[in-house]
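Every chain is numbered from 1 and lettered A, B, ... according to where its sequence line falls, protein lines coming before strand lines.
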Number of protein chains: 2
Amino acid sequence: MSDDLRRNMALFPIGIVMKLTDLTARQIRYYEQNDLIQPARTEGKQRLFSFNDVDRLLEIKALIEKGLNIAGIKQVLQMQEPAMEQTEITTTSEEKRKDMSDKELHQLLRQQIMYRDATRHGEGALIRGELSRFFH
Amino acid sequence: MSDDLRRNMALFPIGIVMKLTDLTARQIRYYEQNDLIQPARTEGKQRLFSFNDVDRLLEIKALIEKGLNIAGIKQVLQMQEPAMEQTEITTTSEEKRKDMSDKELHQLLRQQIMYRDATRHGEGALIRGELSRFFH
DNA sequence: CTTTCTGTGTAATATTATCTAACATCTATT
DNA sequence: AATAGATGTTAGATAATATTACACAGAAAG
């Protein structure tokens, strides 16, 4: 069983995730609705979250607290998640650009730069994988 | 946050534990009823299991499959759990003896010896902490 | 300074998951 | 055959979650 698979096992109901992340159910569902997370579902359609999901929610929360909006968070997440090559990142960015006005894009870039500045030094580090510190 | 505390955090509802251990809800509740596990409860009285609980259930399952009964499992578990000094183990054993007929005690000892023989070599090793292999 | 949009709160209702308790069943022991 | 231990199964109650709709405050836009 691969390590990656373990962290992606659907384990937690939303109630536990609420306590783990200090987010409300409303927030968690809203983030899912906006494709920031894709938790698994039970046969009866109830959400089941993995370690990775909880980690991601913790990161989303940190970004929210820094003032990013959903679009900005989406960009930041997909910018670090796939760990793909530079060419692919560029391609994705170009595609995104088609659906955005210049003003929107500039705002996003400003937000992201601020985020990177904030996290480069100080309290903002070590967001991703924070849950790893709670369990082995 | 101590490592021990992390493994004792109440996280999983019984449905997840069923899948994780391949035990039925009936079995899990029965083992609780017989004091083999003490899962936490939500405010609404629903069970919440920790990593340690799941580990313990996996061990209980292995012992069940070896033919041990509840009393035998209880002995084996409390024999390795507290990790206490030799004198204390003896004391506990003596106390237990008071409530048992000789025949019962002999049967238990026979079972435990068989268990130790079975686990000393072969497939029965590494029962406790098995869950650690599924998650970090 | 209104208007609009975003993110979240809240309430209502429906459905799923779990709980307890009781009785049934099967196996091994007496 | 009778008994006890471990589990299956069912019924009814309660808890947890899902979805949807409406409300609302603050930010953004006009």
What pairs with [X] under side-chain contact (heavy atoms from CB on, under 4.5 Å), at least two apart in sequence or on another chain?
{"X": "A:Ile64", "result": "A:Tyr31, A:Ile60, A:Ile73"}
{"X": "A:Asp22", "result": "A:Lys61"}
{"X": "A:Asp35", "result": "A:Gln38"}

Tell me, which of residues 36-45 of chain A have any heavy atom that sits under 4.0 Å from an atom in DNA chain C?
A:Thr42, A:Gly44

Measuring to OP1 and OP2 of D:dT17, would you say a side-chain N or O of A:Arg47 lies under 4.0 angstrom away?
no

Between [X] ([atom1]) and [N] ([atom2]), how many Å, whole number?
{"X": "A:Lys19", "N": "D:dA16", "atom1": "NZ", "atom2": "C1'", "answer": "11 Å"}
{"X": "B:Ile14", "N": "C:dT16", "atom1": "CD1", "atom2": "C1'", "answer": "15 Å"}
{"X": "A:Lys74", "N": "C:dT6", "atom1": "NZ", "atom2": "C1'", "answer": "13 Å"}
{"X": "A:Leu48", "N": "D:dA16", "atom1": "CG", "atom2": "P", "answer": "16 Å"}
{"X": "B:Gln46", "N": "C:dT20", "atom1": "CD", "atom2": "C1'", "answer": "12 Å"}
{"X": "A:Glu32", "N": "C:dT8", "atom1": "CD", "atom2": "P", "answer": "15 Å"}
{"X": "A:Ile28", "N": "D:dA16", "atom1": "CD1", "atom2": "P", "answer": "16 Å"}

Kindly indicate whether the side chain of B:Thr24, heavy atoms from C-beta on, has any atom under 4.5 Å from the side chain of B:Gln27.
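Yes - at least one pair of side-chain heavy atoms lies under 4.5 Å apart.
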
Residue pair B:Phe51 / B:Asn8, side-chain heavy-atom distance below 4.5 Å:
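Heavy-atom side-chain distance check fails, nothing below 4.5 Å.
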
If the condition is salt bridge (charged side-chain N to carboxylate O under 4.0 Å, His left out), which residues does A:Arg41 pass it with, not counting sequence neighbours?
A:Glu32

Out of curiosity, A:Leu57 CG to A:Ile37 CD1, how far, rounded to the nearest 0.5 Å?
4.0 Å

Mind checking if B:Arg29 touches a base, just sugar-phosphate, or nothing, with heavy atoms under 4.0 Å?
base

What pairs with B:Thr42 under side-chain hydrogen bond (donor to acceptor under 3.5 Å, both in side chains), at least two apart in sequence or on another chain?
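Not a single residue meets the side-chain hydrogen bond (donor to acceptor under 3.5 Å, both in side chains) criterion with B:Thr42.
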
Evaluate the criterion side chain to side chain contact (heavy atoms under 4.5 Å, CB included) for residue pair B:Leu11 and B:Phe49; output intermediate values, then yes/no.
CA-CA 6 Å; B:Leu11 293 172; B:Phe49 299 79; over 6 Å; no

Sugar-phosphate or base contact per nucleotide [nucleotides 4-10 of chain D; S, B, -; heavy atom under 4.0 Å]:
-SBBBB-

